[in-house]
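All values below were derived from every heavy atom in this structure, side-chain atoms included, with hydrogens, water molecules and symmetry-related copies excluded. Worth saying up front: this structure is predicted, and the values here are computed from it rather than measured.
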Amino acid sequence: QIPIDGVIMVSSPQDLVKMIVAKSINMANMLNVKVIGLVENMSYVKCPCCGDRIELFGRSHIGEIAEEFNLKVLASLPIDPKIREHVDNGDIYNFPCYELEELVKTAGAVTVGRVIQNLDQVHAGTYVGKGKLDEIKELIWETQATGVICDDELSPAQIGNLSEALQIKVMDRTLLILDIFAARANTNEGKIQVELAQLKYQSSRLIGLRSSMSRLGGGIGTRGPGETKLEMDRRIIHERIGQLKSELASVVTHRELTRTQRSRTGIPVVAIVGYTNAGKSTLLNTLTNAGILAEDKLFATLDPTTRNLELESGQQVLLTDTVGFINKLPHHLVEAFKSTLEEAVYADIILHVVDASNPSMDSQMHVVYDTLDKLGVGDKPIITAFNKIDVAGDVILRDFKADKTVRISARHGNGLTELKDAIEDILRESKIYIEKLYSYNEAGKISIIRKYGQLLSEEYVAEGIEVKAYVPVEIYDKVQ
């Protein structure tokens, strides 16, 4: 049901290609879709079993197959330089570690080794199998590593078993992200939210020290093991969680009050959302001179920032930068940062910033939309801004879920005029068109139109001021 102009097919090993092409063309014909060409993407891969290189057929073979099916041979798809290094080494199975390495780098650590195991399901006791566990032990000894980080959230038993087997500190993806958030939180609200998420994570992972840490009471009726250290720790954490929830509730009340005051002004709110490190903060800085931190790191900025932006017509909008999304975002963080993420819920427009240079662009977009759906933001108008087009290369950029799409470079300012026009177009759809003659005594109403609406023209005549404009429903009665 989605209109498609054409299909690009990525080449696979030669003995399968003809069958794949034939079946794909038949399926495309059934959908009234035209297959326009074949693309050679990688020259070889590394066999996961024996480690040998498997050569894929070259451009000459692609040409033969393309000629047979009357297709074009298209240029190779662009690949991120960091990932290209793995491809050149025939090591494409290290791709899943790419984002985890970036998280480790953001946390201030250095990656010295990677281990990947292809399993149908995670090992319930030790996360990986016994053979892979021995391989990790050898790698720890060779690299002198001081810690191991797993790319999933581990159960308390898995962390304990891995730590005992490897005799080294073991962390999971959730703990790593929580640590990054703790380092990035600057405001009181952000610190409360992070500590709350950390305590909820820790509360289910407390490990007791048996009866040696029990506290005995005094007097009749108090004999026995008493309160164990585990129970005491758990009680302290639950008390602290209750205290933080109370503090967060007052902060949330203040945030809701701020939102209410914003809505009374009638100024539209545009929430900037997107995958972490997509360029949201850089875009806000370029558009509004916000002066917030913008670095090439995951979660460089954590606390939301709101700034005023004046569009080409003179209308003002509020741009709000929200926390970045990421795959496998810990549910403790989603719950703790709910009030911050709800900036998107109460916005008039969602501005979805996408890193067009990232080879995982499509999966990152899926993560963002999945998170927005969980927050209940599915009915908002969406503008997708494909960022970093100056380094993205010649790629096909589409978002069928967006109302409008634009190509921009937040760093160099390319496409920002088109972005502002897209915002105005969507805002205009929810406005009322008026043509009215105001007396000179009512000139103040024109200032209201200029601030909250879109003033198309004003002409001074003997009887007064003739105005053509689009005004929001909220101020329509005020300008009559």
* Do we see a donor-acceptor contact under 3.5 Å between the side chains of Asp172 and Tyr201? -> yes
Starting from the C-alpha separation in whole Å, work towards a yes-or-no answer on salt bridge (charged side-chain N to carboxylate O under 4.0 Å, His left out) for Glu418 and Arg407.
CA-CA 8 Å; Glu418 290 79 3; Arg407 297 174 175 231; over 6 Å; no
- Query: Ser409 side chain to Ile389 main-chain N or O, any donor-acceptor pair under 3.5 Å?
  - Reply: no
Task: Contact check, side chains of Asp399 and Val354, non-hydrogen atoms, under 4.5 Å - done: no
When rounded to the nearest 0.5 Å, the distance separating CD1 of Ile149 from CG of Leu175 is 8.0 Å
* Asked: Do Met171 and Cys150 pass the side chain to side chain contact (heavy atoms under 4.5 Å, CB included) test, and can you show the C-alpha distance, the side-chain angles, and the key distance before you say yes or no?
  -> CA-CA 6 Å; Met171 296 160 281; Cys150 301; over 6 Å; no
Rounded to the nearest 0.5 angstrom, the CD-OG distance for Glu99 and Ser363 is 8.0 Å
*Does the pair Arg173/Asp152 count as a salt bridge with the N-to-O cut at 4.0 Å?*
no
A side-chain contact here means heavy atoms from C-beta on lying under 4.5 Å apart; do Lys420 and Leu287 qualify? yes
Would you confirm whether Asn414, through its side chain, and Ile408, through its main-chain N or O, come within 3.5 Å as a donor-acceptor pair? no
Contacts under 3.5 angstrom, residues 130-138 side chains, donor-acceptor by atom type, not counting sequence neighbours:
from, atom 1, to, atom 2, distance (Å)
Lys132, NZ, Ile116, O, 3.4
Lys132, NZ, Glu135, OE1, 3.2

In short, Ala278 meets Lys388 closest at the heavy-atom pair O-CE, 3.8 Å
Sorted by chain and residue number, the side-chain contact (heavy atoms from CB on, under 4.5 Å) partners of Asp370 (sequence neighbours excluded) come out as Lys374
Only residue of Ile180, Ile177, Val367 satisfying side chain to side chain contact (heavy atoms under 4.5 Å, CB included) with Ile326 is Ile177
Separation between OG1 (Thr111) and CD (Glu102), nearest 0.5 Å, reads 9.0 Å
- Query: Does the distance from a Lys or Arg side-chain N to an Asp or Glu carboxylate O, for Lys328 and Asp151, drop under 4.0 Å?
  - Reply: yes
**Prompt:** Sub-3.5 Å donor-acceptor pair from the side chain of Ser203 to the main-chain atoms of Lys200, do we have one?
**Reply:** yes
I'd like to know if the side chain of Asp355 pairs up with that of Ser357 as donor and acceptor (distance under 3.5 Å, no hydrogens or angles considered). yes
Interatomic distance, CD1@Ile423 vs CG@Leu351, rounded to 0.5 Å, equals 6.0 Å
Stepwise salt bridge (charged side-chain N to carboxylate O under 4.0 Å, His left out) test for Arg235 and Glu239:
CA-CA 6 Å; Arg235 176 172 54 81; Glu239 288 175 356; 3.6 Å; yes
Exercise. When you look at Val269 and Val317, which way does the side chain to side chain contact (heavy atoms under 4.5 Å, CB included) test go after all the steps?
Worked result: CA-CA 6 Å; Val269 178; Val317 297; over 6 Å; no
Main chain of Asn327, side chain of Tyr275: is a donor-acceptor contact present, judged purely on distance under 3.5 Å? yes
Rounded to the nearest 0.5 angstrom, the CG-OG1 distance for Leu284 and Thr306 is 8.5 Å
query = Can you tell me if His123 uses its side chain to pair, donor with acceptor, with the backbone of Gly125 under 3.5 Å?
reply = yes
**Study point:** Atom NE2 of His366 with >12 non-hydrogen neighbours under 6.0 angstrom
**Key:** no
### Message
Between Glu195 and Ile192 (side chain of the first, backbone of the second, donor and acceptor by atom type, cut-off under 3.5 Å), is there such a pair?
### Response
no
Does a donor on one side chain and an acceptor on the other come within less than 3.5 Å for Thr384 and Thr405? no
OG1 (Thr288) and CG (Leu319) are apart, to the nearest 0.5 Å, by 6.5 Å
Residue set satisfying side-chain contact (heavy atoms from CB on, under 4.5 Å) with Leu139, at least two apart, ordered chain then number -> Val115, Glu142, Thr143
Note: Ala410 and Asn387 closest approach over all heavy atoms is N-OD1, 2.9 Å
Exercise. For the side chain of Lys380 and the backbone of Val345, is there at least one donor-acceptor N/O pair under 3.5 Å apart?
Worked result: yes
Run the side chain to side chain contact (heavy atoms under 4.5 Å, CB included) check on Val368 and His352 step by step: do they pass?
CA-CA 8 Å; Val368 171; His352 179 196; 3.6 Å; yes
